[in-house]
Every structure is written in structure tokens, then in C-alpha cells.
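Model, not experiment: these values are computed from the prediction. Lettering follows sequence order; numbering is per chain, from 1.
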There are 2 protein chains.
Amino acid sequence: MAGGRKLEFDKQQALEAAMQVFWQKGYLGASLSDLTSSMGINKPSMYSTFGNKEKLFLQATEHYIENHGKIHVACLSLPDTPLRERLKKFLSSVISAQFESSNPKGCYVMLCMTEAASGDMPEQARDLIAEAAGLFPALLEELFQQDPEAISLALDKNAKSNALTLATLLNGTAALARGDYCQADLQPVIDNTLNGIGL
Amino acid sequence: MAGGRKLEFDKQQALEAAMQVFWQKGYLGASLSDLTSSMGINKPSMYSTFGNKEKLFLQATEHYIENHGKIHVACLSLPDTPLRERLKKFLSSVISAQFESSNPKGCYVMLCMTEAASGDMPEQARDLIAEAAGLFPALLEELFQQDPEAISLALDKNAKSNALTLATLLNGTAALARGDYCQADLQPVIDNTLNGIGL
DNA sequence: TTTCAATCTTACCGATCGGTACAAAATATT
DNA sequence: AATATTTTGTACCGATCGGTAAGATTGAAA
């Protein structure tokens, strides 16, 4: 039995760095050199700690979901807040993150989903991305089905298409964020879209 | 002076094949092996005919814009057709193309725009994609500014945000097309979005 | 202090990347 | 038929890809 040399890096910190690289370059576009240099470690350390590129990606994706995805959903259940305002806060929160200068532009999941359709991404990676892409639509649909205010506005009758309308908006802004657009132009787009589903 | 051996392939046909590969895999994801094998030629033939990978991409992108992009805009100037119906036909036409089974899913331009933000794409390629991404928003803004029916509905007062709302929709559906979504679910999303800008 | 397990660095593996040199094959002009 | 010109196929270039073997280095348990 025995101890052994200690890890010279923080695993979560390295995972965050890897996530940033995948967020900017996608799975296939992120090379091991990109990853390990951003993580501040060499390749063997990465392989012994995370397994391989695909397993690193799976863990980085989970890290993204937990730390950069789920934080926005709290807006949807703010107490004493009208439904429209909750949704607007949620959408604005997501879109602000898509444009945040301290992170790569756009949405990690949307980037990897578009990449996955190339057919060159490993199976487990593709599956996890597909699952992650379904989280917001499912949450929104559930909200439209169950929220009392939504029900009183009859939004539960079109819960699925209402949710998909907002999911489409977020994927659209994620694409625009990757281009030369600026966040300020998108505020009226949020309002227009909320108007469109009857809010 | 003299002739010489004839080209054994059709240049436009090869360009269409290259475009399909870029459409599926993006610029960086498309390897020369992918490209030349789909084009049915060898690498030296590609280099002598198109220059290099980037120049091939520029020509393939122009080919996409001319043959798969501009065809939709005719809907916007259909005679004796209400504005909402023209816009709905335009949006449906684009979205149908994004889901067409004979082509790669989604939108060539949107795919390459998300890829371009990685910073690993050559300059001219990035510039052309940025220019192409601005075509639909510019056309729509001009429509909202100049169409008599749009003016009578006061849609010209928010021409830019109205155009951006529809552009966001199309980028959003392009992202969803790359995932597991089906086109049928998107019809109400189009209606919702048109409702949202007051149509 | 010795021992041993874990992590580090360095150097390398075969495969593929974008791109090209070169000569055989094919067509036009003389 | 002879020759000049262009395209073709093959085989290769250095660089990078994802991944790893092996020994030097570190640190905890005995």
C-alpha cells in the first residue's frame, strides 16, 4: 500500500480550461495540444486523469451543463414574479452568457450539436450532446404545462410549440453570437418572441 | 500554341460535390480526402483547377449562395400576396431546405459561421461567410423599410429588430435541423414568430 | 531510511493533415 | 507523324493528429 506523488494541478480547474477550449473550437476542432496547453498539463497527465479525448469531453460537457447551463433555470421559478418576466429574465440570462466576453461566444451545446451532424464525432459524445440539447426545451414545456399563470393564459394548450419557439430563439442567438452581432440588438428580439407566444 | 488533355470532370458538378462536403463537415472538418473523393478527382486535379482548399471553399460558398441561398428570396416579392404570406412562404422555404433529405441538414453559412469563431479559419473564408450571413438580415430589413404593407403596419419603425427576429428564427431552426428535431414541429414556431412582430 | 506507488517529462508511434514533384497519358497544333 | 501542352495517377513532403512507452521525479507508508 502506499501514497505516491501528488497531482500538481487542480482537476476541476483543468476541466474548466478544457471546457473553454471545447466551447471555442468544438470537439473535433480542439486538438490535444490546444487542450493540454490550456489545462497547463502534458498529455500523459491528461490521459491518466481523464482517460482520453472523448472521456475528457464527456466530463467537460457535464461541467458545462452544471456550471454554465443550469444556473439560468432558477429564473423560471422566481417567486412573486409574473410568467413573462420570469421567461424574459431566463432568456436574457442565457443570451448574456452567450455574449459574455470572459467566455467563448455562443453556446457550447449548440456548437457541438452542429458539429455532431458531421458524423465524425464519437457516439457517446454525440449522445450526451443530444441529451443536453433537450434539457431547456423539456424544462420550458413542463413550465408551460404546469405553471398556473401559463394555464390561465391557455399556454399549456401549445406547451410544446411554445417551448420550441423559445428554444429556437436561444439557438438562433447562439449562432448570431458566433458572428459579428452585438447583444444590444437582441433585446427587442426577445420581446418580439415572447409576444409571439401570447405573453 | 496548343491544346492539351481535356478535363475529365465537370467543374460545376465537382463544385457542387465539394459544397455538399463543406455543408456537412464545415471548412476545417472537411479533409482533402473527403473533398476529392466526393468530387471524384485526385488532389492534383483539385489544386490545378481550384487553387487550394481555401479557394475551393470560397468558390463552393459562392455556389451555395447562388444555388441554395438566393432561390428563397423570390418569395418575398410574390405579386398579389399579403406580406405575412410572403414572409411565411420565405421562412418555410428556407426551413424546408434546412431539413431536405437530399442535402446535409441545417444551413451551410450558419455552420461555417459558428466554426469561424474558433479562430482557426483562414481570413478570406471567414470574411465571405460573414458577408453571406448578412444577406438575409439586410434583405429583410430593406423589405420592412420599403414594403407598402409593412409601412402601413408601422413595421418600418422597427425594421432592424423585425428583420433580426426572423434571422434569429432561421438560425435557430438551422441549429435544430442539425439535431434530432423534425420539421413538422417547427410550423407553429414560424407562426408564433410572425405573430411576435405584429403580423 | 528504505520501499513502492503515483505523477512527471521526454521522446516516440502510426495515421492523417494540406500540399506538391514527377512522369505517364491524352489532346491539340504543326 | 512529330511536338508542345495540359491533365492524370502515384508517390511523396514536413507538420500535426490522438495516443503511449519508459524512465526520472516526487511523496507517503513501513
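- Evaluation of the side-chain hydrogen bond (donor to acceptor under 3.5 Å, both in side chains) test over residues 94-119 of chain A, restricted to residues two or more places apart or in two chains, returns A:Q20-A:N103, A:T61-A:Y108, A:S96-A:Q183, A:Q98-A:T173.
- Listed pair A:N42 / C:dT9 meets the phosphate criterion, a side-chain N or O lying under 4.0 Å from OP1 or OP2.
- OP1 or OP2 of C:dC8 has at least one side-chain nitrogen or oxygen of A:S45 nearer than 4.0 Å.
- For the contact set between residues 116-129 of chain B and DNA chain C, defined by any heavy atom under 4.0 Å, there are no members.
- The ring-ring contact (aromatic ring centres under 6.0 Å, His included) pairs that include a residue from residues 169-199 of chain A number zero, where partners must be two or more places apart or lie in different chains.
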Checklist outcome for this item: Expected string for nucleotides 14-26 of chain C under the B/S/- scheme (protein heavy atoms, under 4.0 Å, primed atoms plus P, OP1, OP2 as sugar-phosphate) is ---SBBBB---BB
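- What separates NZ of A:K55 from P of D:dG19 is a distance of 10 Å, to the nearest Å.
- Every residue two or more places apart in sequence or in another chain that forms a salt bridge (charged side-chain N to carboxylate O under 4.0 Å, His left out) with B:D147 is listed here: B:R86.
- Rounded to whole Å, atom P of D:dG19 lies 11 Å from atom CG of A:L35.
- Residue pairs meeting the side-chain hydrogen bond (donor to acceptor under 3.5 Å, both in side chains) criterion with at least one partner in residues 186-199 of chain A, sequence neighbours excluded, are A:R84-A:D191, A:R84-A:N195, A:K88-A:D191, A:N192-B:T165.
- A ring-ring contact (aromatic ring centres under 6.0 Å, His included) check over residues 135-173 of chain B, counting only residues at least two apart or in different chains, returns the pairs B:F90-B:F136.
- For residues 39-51 of chain B, no residue pair satisfies the side-chain hydrogen bond (donor to acceptor under 3.5 Å, both in side chains) rule, not counting sequence neighbours.
- Rounded to whole Å, atom C1' of C:dA6 lies 15 Å from atom CD1 of A:I41.
- In terms of the ring-ring contact (aromatic ring centres under 6.0 Å, His included) criterion, residue partners of A:Y27 (sequence neighbours excluded) are, by chain and number, A:F57.
- Looking only at atom types and distance, the side chain of B:N171 has no donor-acceptor partner in the side chain of B:T168 under 3.5 Å away.
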